[in-house]
Amino acid sequence: MGTVSGSELVSSNGTLGWDGFGTLRIRYDVSTAGLGKLTRSLRTRLGERTVPVEALQGIGLSMSPGAPVVSLELREHADPLLSVGGGSFAALLDPYRFFFDAADRSVAERLVADVKAMLARRQVPASASQQWLVAPPVAPDRIEGRDATVFLAGGHLAFAYKWPASRKKKADGDRLSVPLADIIDVEWMPNDRRLRPKGFFRISTARTPLERPKPRHDPAAVLTERRTDVDVLFFAARLLTRIRP
């Protein structure tokens, strides 16, 4: 299932490297056979991610039969992809869990022990981070949805509605422009049948009602296409880093 070379643990779902000084590097460069289309696309597009030890709340090693696991637990507000994707992103990719061969146990144990020692040495708190510590991937400047185009323009996020948009969504006009300073949350849901039949992107402001309309009727939401799910996720993560430094 996996082999270890030097400070790298090559597992069935990614390569975990530790430099010994405070940085973990993850490469999603292993086989994608048997994975769903969206998960394959995510792995391919993510490529490599750099995780400083300060982004971690902890690291664990589980020796369950047949599938030993090294798990990274990130601090809240450390990774914008986790924050904007929530359980959907984690369920699709398991980005911080690495399944390896039982024969690699000794190296995995050393890697985990080294990271734990560095967490203690640097006195990394388990509380939420005060800033993003894992960079979001490169994202497009705009996203094309089924019922709207969403883009950044002059410090605003604009929703330009298309003809399929519902009358409720276009009740106040064919375009909605929201200052970035007014946005307090960003949400992404993929078009993955295991999680939800229809994907969407939407934002929240202080004026967003507690009981908001469904995405197809919500002016601050866009229904997304399956082929653009990864672009929308990366766009959402980038936007989140702009509204929450």
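Predicted model, so just to flag it, every value in this text is computed and none were measured. Along the sequence shown, residues are numbered consecutively beginning with 1.
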(request) Answer yes or no: are there more than 12 heavy-atom neighbours, outside E48 itself, under 6.0 Å from its atom CD? (result) yes
(message) Can you give me the closest heavy-atom contact between R202 and A221, atom names plus distance?
(response) CB-CB, 3.4 Å
(request) Would you sort out whether L16 and L72 count as a side chain to side chain contact (heavy atoms under 4.5 Å, CB included), showing the intermediate values? (result) CA-CA 10 Å; L16 178 62; L72 307 181; 4.2 Å; yes
(request) Enter the distance from I59:CD1 to L74:CG here, rounded to the nearest 0.5 Å. (result) 10.5 Å
(message) Minimum heavy-atom separation for V222 and G145, please, with both atom names.
(response) CG2-CA, 3.6 Å
(request) Following the transitive rule for hydrophobic clusters with a side-chain heavy-atom cut-off under 4.5 Å over Ile, Leu, Val, Met, Phe, Trp and Tyr, establish whether I184 and L180 coincide in one cluster. (result) no
(request) Check for a donor-acceptor pair, side chain of R216 on one end and backbone N or O of S166 on the other, with a separation under 3.5 Å. (result) no
(message) I want to check something: taking the side chain as every heavy atom from C-beta on, are D147 and F159 in contact at a cut-off of under 4.5 Å?
(response) no
(message) Whether the side chain of D114 engages the backbone of G20 through a donor-acceptor N/O pair (distance < 3.5 Å, no angle test) should be reported.
(response) no
(request) Calculate, to the nearest 0.5 Å, the distance between atoms OH and CZ belonging to Y28 and R45 respectively. (result) 14.5 Å
(request) Would you give the length of the straight line joining atom CG of L223 to atom NE2 of H217, rounded to the nearest 0.5 angstrom? (result) 9.5 Å
(request) Treat each ILVMFWY residue as a node, draw an edge where side-chain heavy atoms are under 4.5 Å apart, and state whether Y161 and F151 are in one component. (result) no
(request) Could you check if a side-chain atom of D182 sits within less than 4.5 angstrom of a side-chain atom of R207, using non-hydrogen atoms only? (result) yes
(message) I'd like to know if the side chain of K169 reaches the main chain of P215, judged simply by a donor and an acceptor atom lying under 3.5 Å from each other, with no hydrogens or angles considered.
(response) yes
(message) Counting C-beta onward and ignoring hydrogens, is there a side-chain heavy-atom pair between L42 and F89 closer than 4.5 Å?
(response) yes
(message) According to a hydrophobic-cluster definition based on side-chain heavy atoms being under 4.5 Å apart (Ile, Leu, Val, Met, Phe, Trp, Tyr only), do L133 and V51 belong together?
(response) no
(message) More than 12 heavy atoms of other residues, nucleotides or ligands under 6.0 Å from CZ of R146: yes or no?
(response) yes
(message) One pair to check against side chain to side chain contact (heavy atoms under 4.5 Å, CB included): R25 and D19. What are the steps and the verdict?
(response) CA-CA 8 Å; R25 297 190 185 280; D19 68 357; 5.7 Å; no
(message) Check whether R75 reaches the backbone of S127 with its side chain - one donor and one acceptor, N or O, closer than 3.5 Å.
(response) yes
(message) Quick check on R105: does its CZ atom have over 12 non-hydrogen neighbours (other residues, nucleotides or ligands) under 6.0 Å away?
(response) no
(message) Please find the pair of heavy atoms, one from R238 and one from A139, that lie closest to each other, and give the distance.
(response) CG-CB, 3.4 Å
(request) Could you grab the distance from atom CZ of R142 to atom CG of D231, nearest 0.5 Å is fine? (result) 13.0 Å
(message) Apply side chain to side chain contact (heavy atoms under 4.5 Å, CB included) to residues F100 and V107 and explain how you reach the verdict.
(response) CA-CA 11 Å; F100 60 94; V107 181; over 6 Å; no
(message) Using side-chain heavy atoms (C-beta onward) and a distance below 4.5 Å, is L157 in contact with L152?
(response) yes
(request) Determine whether L233 and F201 make a side-chain contact, defined as any pair of heavy atoms from C-beta on separated by less than 4.5 Å. (result) no
(message) Would a single hydrophobic cluster contain both V115 and M63, if residues Ile, Leu, Val, Met, Phe, Trp and Tyr are joined by side-chain heavy-atom contacts under 4.5 Å?
(response) yes
(message) Rounded at 0.5 Å granularity, tell me how far CG in L111 sits from CD in E109.
(response) 11.0 Å
(message) If you compare all heavy atoms of D229 against all heavy atoms of T224, which two are closest, and at what distance to 0.1 Å?
(response) OD1-OG1, 3.8 Å
(message) Please determine whether a side-chain nitrogen of the Lys or Arg among D185 and R244 lies less than 4.0 Å from a carboxylate oxygen of the Asp or Glu.
(response) yes
(message) Quick check for you: to the nearest 0.5 Å, what is the distance between E187 atom CD and S204 atom OG?
(response) 7.0 Å
(request) Could you check if a side-chain atom of V230 sits within less than 4.5 angstrom of a side-chain atom of L46, using non-hydrogen atoms only? (result) no
(request) Only pairs at least two apart or in different chains count here, so list each ring-ring contact (aromatic ring centres under 6.0 Å, His included) that has a residue in residues 124-144. (result) H77-W132
(request) With the side chain counted from C-beta on, respond yes when T15 and I26 share a heavy-atom pair under 4.5 Å apart, and no when they do not. (result) no
(message) Any non-hydrogen side-chain atom of D218 less than 4.5 Å from a side-chain atom of F200?
(response) no
(request) Could you walk me through whether N191 and R227 pass side chain to side chain contact (heavy atoms under 4.5 Å, CB included), step by step? (result) CA-CA 9 Å; N191 283 283; R227 60 184 172 80; over 6 Å; no
(request) Please report the shortest heavy-atom distance between E8 and G17, naming the atom on each side. (result) CG-CA, 4.0 Å
(message) Can you give me the closest heavy-atom contact between V70 and A108, atom names plus distance?
(response) CG2-CB, 4.1 Å
